[in-house]
Amino acid sequence: MLRKSRRTFLKNASLAGAALAAGRLPAGRAATATTATPPGAGARIYVDPAQKIAPLDRRVFGSFIEHLGRAVYGGVYEPGSPLSDARGFRRDVLEEIKKMRVPAIRYPGGNFVSGYNWLDGVGPREKRPEVLDRAWNTIEPNQFGTDEFMEWCRLVGTEPVMGLNLGTGSAEMAAALVEYCNQEKGTKWSELRRAHGIEKPHNVRYWCIGNEMDGPWQIGHMPAREYGLKARDAAQQMRMVDPTLRLIACGSSSPGMATYLEWDREILEECYDMVDGLSLHCYYRNDAEETGANGDTARFLSFNLEMEEQIREVAGVCDYVRARKRSRKRLWLSFDEWNVWYRQRGGDGGRQKAPRLLEEVYNLEDALLVGGFLNSLMRSADRVHIACLAQLVNVIAPLTTSKTGLLRQTTYYPYLWALEQARGEVLDLAVESPTYQVAGKGAVPYLDASCTLDRQGGTTSLFLLNRDLEKAHEVEIVWREAAPRAVKSARVLTGDDLKAVNTFEAPTRVAPRELAPPRPGSKMTIELPARSYAALEFIL
Ligand code: AHR
């Protein structure tokens, strides 16, 4: 769901919802403390290995592939293409995602899943029906389904996060899919899988119980209490099939929803004890609706702070229900759809197979904000265990395919750096930064930072966003314990034109460059260019 202005939400929120939102403080830890510096003073980061937020679950760098537009057909699967293997998997896409080491991928939707009959997508291909997908008004050929996805995941080296149909689908068929995937043999659905030639179970651990069920656009949308009861029933049946599952209930689809937080409270009151995590989604925009007539980049670049606020608010509701139920279990969050998305909207695929839908072209400012989101997700590591950049290929994605190749969009780079460098535990930095004013929001720091420490690997990484559109900032890094021995790498994404994009004709218009590395010592200084996102890795 696209985000509506937070101000709209606040106007609409009921008193009870507002009270819950106001109770946000005890929900989780505060984000990394940033102190405004006096005018003229520079930016500084204190790195203290004793100040830990939490171990980083790398699933927070997960992604998402939906049966939507060219994500599956023409993205990961294109039989007959010279770029595909004998199974029909696009080799270039597979190799790229494998190399990126994307840890978890959510599938098959999204809105699509709420009308999807998984039985249509398994078994002999020639017998699978072509169906009308009523979420995006396209033709779904069902040539790629659960088993193909599992095989693809194995080849890529990623973990599937499976979505379930709680719209038109029943709790019984949700449990049947778990049985199809996870039961070794000897039951109706496991034997069906074996009859399809797949002897070993897929052993899928993470399951999303429905998608955006709070949204009137969702197939099978229903009131919160009803969904809570249905999710509870599904979870109970699924756990009977496989008690090792990790189950994610479907939370609010955006802070812009009139039912934001109320939905989460009501559904959890029904199913809290049966689930492990709660989902949240948000997409961000820089256009008239959100940031003013022609957009407002300075404001736009502060939206990752709103992501963090959303995380604290939703965690607050989880903890409120937990306390009311006197439960010992603490839910974690799955931010399983997030991205910039506002230009390519709409879902009318004109009843074709794999039409071009939601093929957003990302520019430099989008990439900078994506870097900010990754910082926020790392800083929320104590509460967020899964998060999915929505999506991965062709549809609002960092990767775009053509018949002849693969393009890395601007947003690919901050995502890649997190995947490559962020490991171990997330540290709670103390950050001092000059600020700028954002209407309705107050002072926003120019510098946004996150840090991971990998004791085993002997490295530490810093991820830095400079929101200043005009000026470079000198940043002092103060190491509270033994300073790193050397700088392993220092990369930055920046440029003069915030609207610059990569295309097949000019694929590296927005590409990383080396950042002058700081000189080793207990205090280091780096110059962060204006409009930039940087990743530095140090050897301890
Ligand atoms: O990611 C695109 C769509 O956005 C998903 O299908 C839906 O869950 C969300 O509204």
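Whatever order the structure lists ligands and atoms in, that order sets their numbers, starting from 1. Just so you know, these numbers use all the heavy atoms, side chains as well, and skip hydrogens, waters and symmetry mates. Just so you know, residue 1 is the first one in the sequence shown, and it goes up from there.
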Check your understanding: Is the distance between the ring centroids of Y180 and W118 less than 6.0 Å?
Key -> yes
Check your understanding: Judging by distance only, is a nitrogen or oxygen of Q391 under 3.5 angstrom from one on ligand 1?
Key -> yes
Practice item. Decide whether the shortest distance between a heavy atom of I396 and an atom of ligand 1 is less than 4.0 Å. Key: yes
Revision key, fill the gap. Note: F112, heavy atoms under 4.0 Å from ligand 1, region reported as neither
Check your understanding: Hey, looking at atom 7 (C) of ligand 1, which of N111, L358, L357 has the closest heavy atom?
Key -> N111
Practice item. Please list all pairs passing the ring pair (Phe, Tyr, Trp, His ring centres under 6.0 Å) test where one or both residues lie in residues 358-407, with sequence neighbours left out. Key: Y284-F373, W332-H385, W338-F373
Check your understanding: Considering only heavy atoms, does V395 approach ligand 1 within less than 4.0 Å through its side chain, its backbone, both, or neither?
Key -> neither
Check your understanding: Counting heavy atoms only, which of E66, R106, H67, E337 is nearest atom 9 (C) of ligand 1?
Key -> E337
Check your understanding: Under 30°, 30 to 60°, or over 60°: which ring-plane class applies to F149 and Y107, parallel, tilted or perpendicular?
Key -> parallel
Review point. For ligand 1, is there an N or O atom under 3.5 Å from any N or O atom of H281?
Key: no
Review point. Should V314 and Y260 count as side-chain neighbours, where that means a heavy-atom distance under 4.5 Å?
Key: yes
Check your understanding: Residues in salt bridge (charged side-chain N to carboxylate O under 4.0 Å, His left out) with E360, at least two apart?
Key -> R343
Check your understanding: So is there a nitrogen or oxygen of W136 less than 3.5 Å from a nitrogen or oxygen in ligand 1?
Key -> no
Practice item. Mark up the atoms of ligand 1 that fall under 4.0 Å of a heavy atom belonging to E212, in ascending order. Key: 7 (C), 8 (O), 9 (C), 10 (O)
Exercise for review: Give a yes-or-no answer on whether the side chains of E78 and Y73 include a donor-acceptor pair shorter than 3.5 Å.
Suggested key: no
Practice item. Using a strict cut-off of 4.0 Å, indicate which atoms of ligand 1 neighbour a heavy atom of F64. Key: 1 (O)
Review point. Among E66, E337, E159, which residue meets the salt bridge (Lys or Arg N to Asp or Glu O under 4.0 Å) test with R106?
Key: E337
